[in-house]
Structure formats: structure tokens, C-alpha cells
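All values below come from the heavy atoms of this structure, side chains included, with hydrogens, waters and symmetry mates left out. Every number for a ligand or one of its atoms is a count from 1 in the order of the listing.
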Amino acid sequence: MRFMTAEPFRIKMVERVKKTTKAERQQWLKEARYNAFQMKAENVYIDCITDSGTSAMSSEQWSALMLGDESYAGSKSFYKLEESVQDIFGMQFVQPTHQGRAADYIMARIYAKPGKYAIGNMHFDTFRGNAEVIGALAVDYVDDIGKDTASPPHPFKGNIDLKKMEKLISEKGAENISVVIITVTCNNNGGQPVSMQNIREVSALAKKHNIPVVIDAARLAENAYFIKQREEGYENKTIKEITREMFSYCETATMSSKKDGLVNIGGLFVTRNDEVLKVAQQLAIVHEGFITYGGLAGRDLEALAVGLQEGVDEQYLEYRINQVKYLGDRLKEKGVPIIEPTGGHGVYVDGRRFFPHIPQSEFPSQRLVVALYEEAGVRAVEIGACAFGAKDPLTGEDIFPEVEVMRIAVSRRVYTNSHMDVIANALGEIYQKREQYRGMKLVYEGPITSLRHFTAGFELFPQTNAVTIEV
Ligand code: F0G
């Protein structure tokens, strides 16, 4: 296979994307108040706002769709999905949901408790939102190296800091910690993986204190691939052997199957505890749909049953992880500061190192999102002062997050490396003239601060010596 370095698929269907002029893009940016979430997707040339629900499905998945059994109860498609999930997770009980956050909701209702702590490496927003509604205290205990976007490369920047976890348990008492949630890979700091050793040790510590462990498994296959590549003792294991071992350390897993499930919609709540299952099923019936479809059509269950298996295929994963690395390498060649090494589902550009003259209060990463769209029609997303900024409830002062980045999420099986070159070239040019850029002012935010990035409005401080490049 020495020469077989290209994509392990060929393209059977294409979707046209539009090339636009800089003047058009400037107008659309203004109309969207410089918020990527407010733009029309048809005006985007390369869309990297998310890797969620954006995968291209395979011919096998499209054929499976036709087999979808649209029965309310006991559909054939559910049992196919159940079998596929059991095979990969090694856990018995499966409740589908319409997407990941619905599984988060069920999980939070079961495992998050008012006034008690939920420890995580970095909780994803949708669990955090659910936990906060319940009154739980969601704390992020990723290793310090994972929080520092300028730290040197490390194979597992998604690991939980065991010392911090131990300290909280001894200070607050194990009875005040209701759950530990390990997110694989860790989305908020670069799609960084968690090692098997860390999952094992976190789980052992939790078990000693009778605290249940949950895995947020949106990107389980990418995490397993990194374990195979980087952790001693796993080089000869199959991806499925690795995923099964990962889940052997938890009681329950949730999954947004819009990522490594290679489908456009769907979620999973998976558990080995039949008491937990019973509660999850009740919550699913009220909020999602009957237990054998969970808010999805039979055809969605079929596509997911197949997609999960394709997602753990090693040849696919090799292509996937290497495409993200390819983009990271091109950016590094141009001096663009990124989180290193590149993670599973995207490249994260360090907003503070890119624009050192723009303070966090003026949204450097959001400014970069705007510049990238303006120059090349590429849409990325801010994970920084807008998305994770907050106001101190007592003093009203701004609190800024430690991670300040622009995430370029790479959709699965969708773009070629030529698209990656466009992104790298555009960012390289912006980097060369970075001093000309000034920050932005937040002029509108909705009532819920943790959701403000979706609807926020900005104004640009005027740029100096604007130079036009056309793509
Ligand atoms: N957990 C993680 C780790 C996620 O990244 C996401 C979604 C969810 C849960 C929620 O799943 O969207 O299916 O309801 N992440 C997307 C993103 C939105 O762009 O990173 P969902």
C-alpha cells in the first residue's frame, strides 16, 4: 500500500459550491453583523463552521436508507442499529435520540444533580447548558498543557488532570461529585485525544469513590485511532478492540452521531446499566419518540448502523486524520500559529498569537473568522471570547476563556486537499498583513450569555491600509 496515499474512496456525486467576489462577501458580512452563524451557507465557498452533520454518506449508506423500516415500535432498522452499536461500544443497551444534545439532556437528567459537581476534561456546551439548568456545577479539569494553546506538542492533550480530580473529591467529598464525563476527543481545545491510560485511571479513581463515569463519544473513532498511533501497547489492536476497551471503563456513553457516525442527523444514549436504561427510555418517550426510534426515521437508523462501521474503518481514519494534519502542516509552513499537534476534526488557530495586538476584549479569533471569509469565502468558527466569554455575576466585569481560537472544522469525506490549500494560502496571506487588522466591538448579544455567539452582532474597528487580494 506504499503508493496508495490518496483518499480511500472516489467521488460519485458532487454538490456545486459558489465562487464569489470580495465585494459580495463584504456586503454579506455586513448584513450578518460579522457573525458566521448568521451567514447563508450558499454564500460560503468552503464551509468549516462545523464537522457535525456535514459528512458525505457512502453508497452503502444511501442504499441502506431504502431499507428503512418506518415502524413506530420494534422496527427492523432499530435492531440493526442496536447490533452495530453493541459491536463498537461493547455495551448492551441503546436508546437512539434525534441528535447528541438530546442524549446530553437525558444524561444530565440522570447524572447531574443540583449543587453537585460534574467533572470533565472540557464539557461540551450542550451538556454544560443542561447541567446549568439543573443547577449542577460543571468543572473543566483538562491537564494544564491542554489549556495552553501555545504549549509544545503532546500526544494526549485531552487528558483529565487526576490530581485536580483527587483534590476536589477530598475537599468537597465524593458525595458532592455526581458524575465524571470524559469527552473523546476533546472538542474545545483542538479535538485533542484522551489516552487509554487516562480513561482507565480516571475511571479507577471514580470507581473507588462510587462516582459514575460517562463518555461523550461524538468522536470516538478519531480518539481510538490516536490511541493506536500514539499509545504503547495499542499499535497492533483493531480500532474496534480499542473502542470496546475505552467504553469498558464507563457506565454510560452519549454520542452525537453527526460526527463519527458519518450521518447528517442522529444521537445515541448507550449504557450497560439496566436501571439507567429504564429512566433513559422514559425520558426518551416524553422528549424524543418511542424507544425504538428516538426521534429518528427508520432510514436514519439504517444509515447510522452502516456509518458507525465505516467510521471505525482504519483506511478511512488514516485518510481523515492525515487530511487534518495536511492543513495543519501547510499552515505551520506559513508561520500561522496553531494548536499542536493537530487533533481529529479540525485545525485550531491561536487567535492571540495570530493577532497579538488585538486584546481578548476585542475578539481576535472572531476577527480572524471574518478576515478568512472576507478573503477566501471560507467559513470557520470562533471558540473564544465571544463563545465562552461571560460576565462576573457580582461585578459585571468580563471574564475571558483560557482558550482563544478559531476552529477550522473539516467535514468528513467532503473536501479535497486542494480545498485545504485554499484555506492555508488565504490564512498565510492574512498572517503576512496581520498588523493591519484591528479588533471588533460586540454591539448585540442575546439574553443567555452562554449562547450569545449564535446571534451576536459586531462592528469592525476600521482597518489600516487595506490591501485587496482576490481568490
Ligand atoms: N458533544 C460534543 C463533544 C459535541 O462536539 C457536540 C456537538 C455535541 C455533544 C452535541 O451534539 O450537535 O448532535 O446535538 N458539536 C458540534 C460542533 C455542534 O460544531 O462541535 P449535537
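- Residue, atom and distance of the protein heavy atom nearest to atom 11 (O) of ligand 1 are Ser256 CB, 3.2 Å.
- Residue-to-ligand polar distances keep Thr183 apart from ligand 1: every N/O pair is separated by 3.5 Å or more.
- Ligand 1 has a nitrogen or oxygen under 3.5 angstrom from a nitrogen or oxygen of Thr50.
- When heavy-atom distances to ligand 1 are checked against a 4.0 Å cut-off, Lys258 comes that close only through its side chain, counted from C-beta outward.
- Among all protein heavy atoms, the one lying closest to atom 12 (O) of ligand 1 is Arg101 NH2, 2.9 Å.
- Using a 4.0 Å cut-off between heavy atoms, Val381 makes no contact with ligand 1 at all.
- With Tyr234 as reference, Glu245 is the one residue of Glu245, Glu241, Gln229, Lys228 to meet the side-chain hydrogen bond (donor to acceptor under 3.5 Å, both in side chains) rule.
- Two rings, from Tyr319 and Phe9, have their centers less than 6.0 Å apart.
- Ring centroids of Tyr431 and Phe354 are separated by less than 6.0 Å, placing the two rings close together.
- Here the heavy atom of the protein found nearest to atom 16 (C) of ligand 1 is Lys259 NZ, 3.3 Å.
- Asp216 OD2, 2.8 Å is the protein heavy atom nearest to atom 1 (N) of ligand 1.
- Partner Phe458 forms a ring-ring contact (aromatic ring centres under 6.0 Å, His included) with one of Tyr34, Tyr444, Phe363 and no other, that one being Phe363.
- Where the criterion is an N or O separation shorter than 3.5 Å, residue side chain and backbone included, Gly100 meets it with respect to ligand 1.
- Under a cutoff of 6.0 Å and an axis angle of 45°, Arg330 and Tyr326 form a cation-pi pair.
- Protein heavy atom at the shortest distance from atom 10 (C) of ligand 1 is Thr126 OG1, 3.5 Å.
- Residue-level proximity to ligand 1 for His98 is absent, since no heavy atom of it falls below 4.0 angstrom.
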